[in-house]
Amino acid sequence: MMAIVVVAMGSFVGLAGWRSRILTDTQEISKSRRDHRILAPWMFFFLAAGYTGGVLSLVMQEQEIFSSPHFWTGSAVLILLSANALLALGFGQEKSPARSLHAYLGSLALCLLFLHAVLGLKLGLAI
Ligand code: HEM
Ligand code: HEM
């Protein structure tokens, strides 16, 4: 389920964000912006729910919590995306530094999510 959120939602959200930054057609820009603005908070919500669910699942299986590399990459992703959401609250005018930082920080978080998925599989196979 989390892999679907990461691969399907993550790539769509990232692509919509970058399309809204790079394209020149004003209609395409506003469509991509709208898609990104609506879906990015939902993706954040599902990732935060998955984070909580992952910890609870380990608790129910009486396994050690907060100690796997998967826990650390998951925490890093949520911290990066929270900073990104805060940045999006005060973007200011077009091409502001905050917008650029948001674009690169978000892309970094998405790359980290792929490593996070590999570590998740490793954790699952070790239980
Ligand atoms: C998944 C990683 C993310 C990437 C790769 C990403 C990328 C981008 C990019 C490239 C832009 C366009 C910036 C510009 O106009 O120069 C943008 C805009 C925006 N992003 Fe993100 N973003 C991400 C996550 C998020 C999250 C988690 C939120 C909020 C919860 C968010 C909210 C917004 C908003 C509100 C805008 C402005 C849209 C508008 O101008 O109407 N983004 N993002
Ligand atoms: C993308 C594919 C993912 C896979 C294959 C995966 C796999 C797993 C597995 C197998 C567990 C152990 C619990 C269990 O056996 O049910 C786990 C725990 C956990 N997952 Fe994931 N997960 C993925 C994505 C995510 C995402 C997106 C997040 C949130 C950012 C997340 C956060 C966590 C956390 C915080 C734990 C508890 C770790 C600990 O306390 O040491 N996972 N995950």
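Just follow the structure's listing: the first ligand is 1, and inside any ligand the first atom is 1. All values below come from the heavy atoms of this structure, side chains included, with hydrogens, waters and symmetry mates left out.
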What heavy-atom pair brings [X] and [Y] nearest, and what distance separates the two atoms?
X: A103; Y: S107; value: O-OG, 2.7 Å
X: H102; Y: A88; value: CE1-CB, 3.9 Å
X: S75; Y: Y51; value: OG-OH, 2.9 Å
X: A16; Y: D35; value: CB-CB, 4.2 Å
X: V77; Y: A109; value: CG2-O, 4.0 Å
X: N84; Y: L101; value: OD1-O, 4.3 Å

Tell me the nearest of [options] to [atom], using heavy-atom distances.
atom: atom 6 (C) of ligand 2; options: M2, H70, K122, E64; value: H70
atom: atom 27 (C) of ligand 1; options: G14, A40, A103; value: A40
atom: atom 40 (O) of ligand 2; options: F66, F71, F46, Y51; value: F66

Contacting atoms of ligand 2, where contact means under 4.0 angstrom from a heavy atom of [X]:
X: V55; answer: 35 (C), 36 (C), 37 (C)
X: A117; answer: 1 (C), 2 (C)
X: G124; answer: 10 (C)
X: Q61; answer: 14 (C), 15 (O), 16 (O)
X: S67; answer: 41 (O)
X: I127; answer: 12 (C), 15 (O)
X: S68; answer: 38 (C), 39 (C), 41 (O)

Just need the protein heavy atom nearest to [atom], so name the residue and atom and give the distance.
atom: atom 39 (C) of ligand 1; answer: R33 CD, 3.4 Å
atom: atom 34 (C) of ligand 1; answer: A88 CB, 3.8 Å
atom: atom 30 (C) of ligand 1; answer: A85 CB, 3.7 Å
atom: atom 16 (O) of ligand 1; answer: R21 NH1, 2.8 Å
atom: atom 29 (C) of ligand 2; answer: L47 O, 3.4 Å
atom: atom 9 (C) of ligand 2; answer: G120 O, 3.9 Å
atom: atom 15 (O) of ligand 1; answer: R99 NH1, 2.8 Å
atom: atom 11 (C) of ligand 1; answer: G17 O, 3.6 Å
atom: atom 14 (C) of ligand 2; answer: S57 OG, 3.2 Å
atom: atom 36 (C) of ligand 1; answer: F91 CE1, 3.4 Å
atom: atom 4 (C) of ligand 1; answer: G106 CA, 3.7 Å

So how far is it from [X] [atom1] to [Y] [atom2], rounded to the nearest 0.5 Å?
X: S57; Y: I127; atom1: OG; atom2: CD1; answer: 7.0 Å
X: I65; Y: L56; atom1: CD1; atom2: CG; answer: 8.5 Å
X: H70; Y: T73; atom1: NE2; atom2: OG1; answer: 6.0 Å
X: L121; Y: H116; atom1: CG; atom2: NE2; answer: 10.5 Å

Following the transitive rule for hydrophobic clusters with a side-chain heavy-atom cut-off under 4.5 Å over Ile, Leu, Val, Met, Phe, Trp and Tyr, establish whether [X] and [Y] coincide in one cluster.
X: V7; Y: V118; answer: no
X: V13; Y: I29; answer: no
X: M9; Y: W18; answer: no
X: F45; Y: M43; answer: yes
X: L78; Y: W72; answer: yes

Taking N, O or S atoms only and a limit of 2.8 Å, check whether H116 reaches atom 21 (Fe) of ligand 2. no

Are F66 and V55 packed together at the side-chain level, in the sense that at least one heavy-atom pair is separated by less than 4.5 angstrom? yes

Heavy-atom distance under 4.5 Å between the side chains of L47 and M2, does that happen here? yes

Would you please determine whether A109 falls within less than 4.0 Å of ligand 1 on a heavy-atom basis? no

Under a heavy-atom criterion of less than 4.0 Å, does E94 contact ligand 1? no

Relative to ligand 1, is [X] under 4.0 angstrom through side chain, backbone, both or neither, heavy atoms considered?
X: H36; result: side chain
X: M43; result: side chain
X: S107; result: both

Short list, please: which atoms of ligand 1 are under 4.0 Å from a heavy atom of W18? 10 (C)

Where ligand 1 meets S20 - atom numbers and elements under 4.0 angstrom, heavy-atom basis: 12 (C)

Under-4.0 Å heavy-atom contact with ligand 2, by part of V77 that carries it: neither

Is any N or O atom of R37, backbone or side chain, closer than 3.5 Å to an N or O atom of ligand 1? yes

Between H102 and ligand 1, does any nitrogen or oxygen pair lie at a separation below 3.5 Å? yes

Do R21 and S32 have a side chain donor and acceptor closer than 3.5 Å? no

